[in-house]
Amino acid sequence: MPDEIESAPQSAPDSRPRRSVRSFVVRAGRMTVAQERAWTELWPRYGIETGSAPLDFAAIFGRNAPLTLEIGFGNGESLVALAAAHPDRDYLGVEVHRPGVGHLMLRAEELRLGNVRAICRDAVEVLQQCVPAGSLDELLLYFPDPWPKKRHHKRRIVQPEFVALVASRLRPGGVLRMATDWEPYAVHMLEVASGCAALRNASPDGTYVPRPESRPVTRFERRGHRLGHGTWDLAFSRP
């Protein structure tokens, strides 16, 4: 669940504003011995160190292939499942939770995946500084923190400035996919994304789309279904 983004007013997608409101809280989680090993031994293979320069994804992955970026991949199970199921595509995950990044690397090693990489950093900074314009075929934002209390709505990652930034990083034909199990947040996502002139809703009726078969169902989502929670999927493409 994406816990790692912040947003605030900005003048353009490429601007670098001072953001005072964050949509994430970095929680100090205890890493297992195996996750510690992953950071020591596997980070050079699966991790990407970033600065302020755009990344060369063809050089990073050693090929030119469709690229999916997931924001807030949690423990990485869904991202690993996608990478394993689609070896012809490349997958990049951004997450600030270090134990989750460690778990992702362990699973990628176990499955001998060569098409997945991770960045441990604020995803808004990554999009602004490191992801070239028009370089992504797909961006995934699944089950971000809904910040349900009204006074916390400003912390939600899905805001007009964020959606405009994402749109600028998609190739023509690229898709922003989102999902939430909190209906008021689904309504908010739909309103904000529909207001972005650079994107078009993939839903024929202008609302939500069926869960794409490509999206793995997480344990979190299955638990929600057992409790009677609904799920809302959205897809917006760049013409």
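Everything numeric here is computed off the predicted structure, so don't read it as measured data. Below, all heavy atoms of this structure are taken into account, side chains as well, without hydrogens, waters or symmetry copies.
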Qualifying salt bridge (Lys or Arg N to Asp or Glu O under 4.0 Å) pairs, either residue in residues 74-86, two or more places apart:
Glu77-Arg107
Got a sec, which residues hit side chain to side chain contact (heavy atoms under 4.5 Å, CB included) with Ala81, two or more places apart in sequence or on another chain?
Pro216
The side chain to side chain contact (heavy atoms under 4.5 Å, CB included) partners of Asp56 (sequence neighbours excluded) come to Ala58, Ala59
Apply side-chain hydrogen bond (donor to acceptor under 3.5 Å, both in side chains) to Arg98 and list each qualifying residue two or more places apart in sequence or on a separate chain.
none
Taking only residues two or more places apart in sequence, or in another chain, which ones meet Arg112 in a side chain to side chain contact (heavy atoms under 4.5 Å, CB included)?
none
Run the side-chain hydrogen bond (donor to acceptor under 3.5 Å, both in side chains) test against His225 and tell me which residues pass, sequence neighbours left out.
Thr231
Within the supplied structure, the quantity of interest is the number of heavy atoms (other residues, nucleotides, ligands) at a distance under 6.0 Å from Arg45 CZ; does it exceed 12?
yes
Among all residues two or more places apart in sequence or in another chain, which pass the side chain to side chain contact (heavy atoms under 4.5 Å, CB included) test with Thr50?
Ile48, Leu55, Ile119, Arg121, Cys130
May I have all residue pairs that pass salt bridge (Lys or Arg N to Asp or Glu O under 4.0 Å) and include part of residues 195-218, sequence neighbours excluded?
Arg215-Glu221, Arg215-Asp233
Test of understanding: with salt bridge (charged side-chain N to carboxylate O under 4.0 Å, His left out), list the residues that count as partners of Glu36, not counting sequence neighbours.
none
Test: salt bridge (Lys or Arg N to Asp or Glu O under 4.0 Å). Region: residues 130-140. Which pairs qualify, not counting sequence neighbours?
Arg89-Glu138, Asp137-Arg171, Glu138-Arg177
May I ask whether Leu111 and Val101 are part of the same hydrophobic cluster, defined by side-chain heavy atoms of I, L, V, M, F, W, Y residues being less than 4.5 angstrom apart, directly or through others?
yes
By side-chain hydrogen bond (donor to acceptor under 3.5 Å, both in side chains), which residues pair with Thr32, not counting sequence neighbours?
none
Sequence-distant partners of Arg238, side-chain hydrogen bond (donor to acceptor under 3.5 Å, both in side chains), two or more places apart:
none
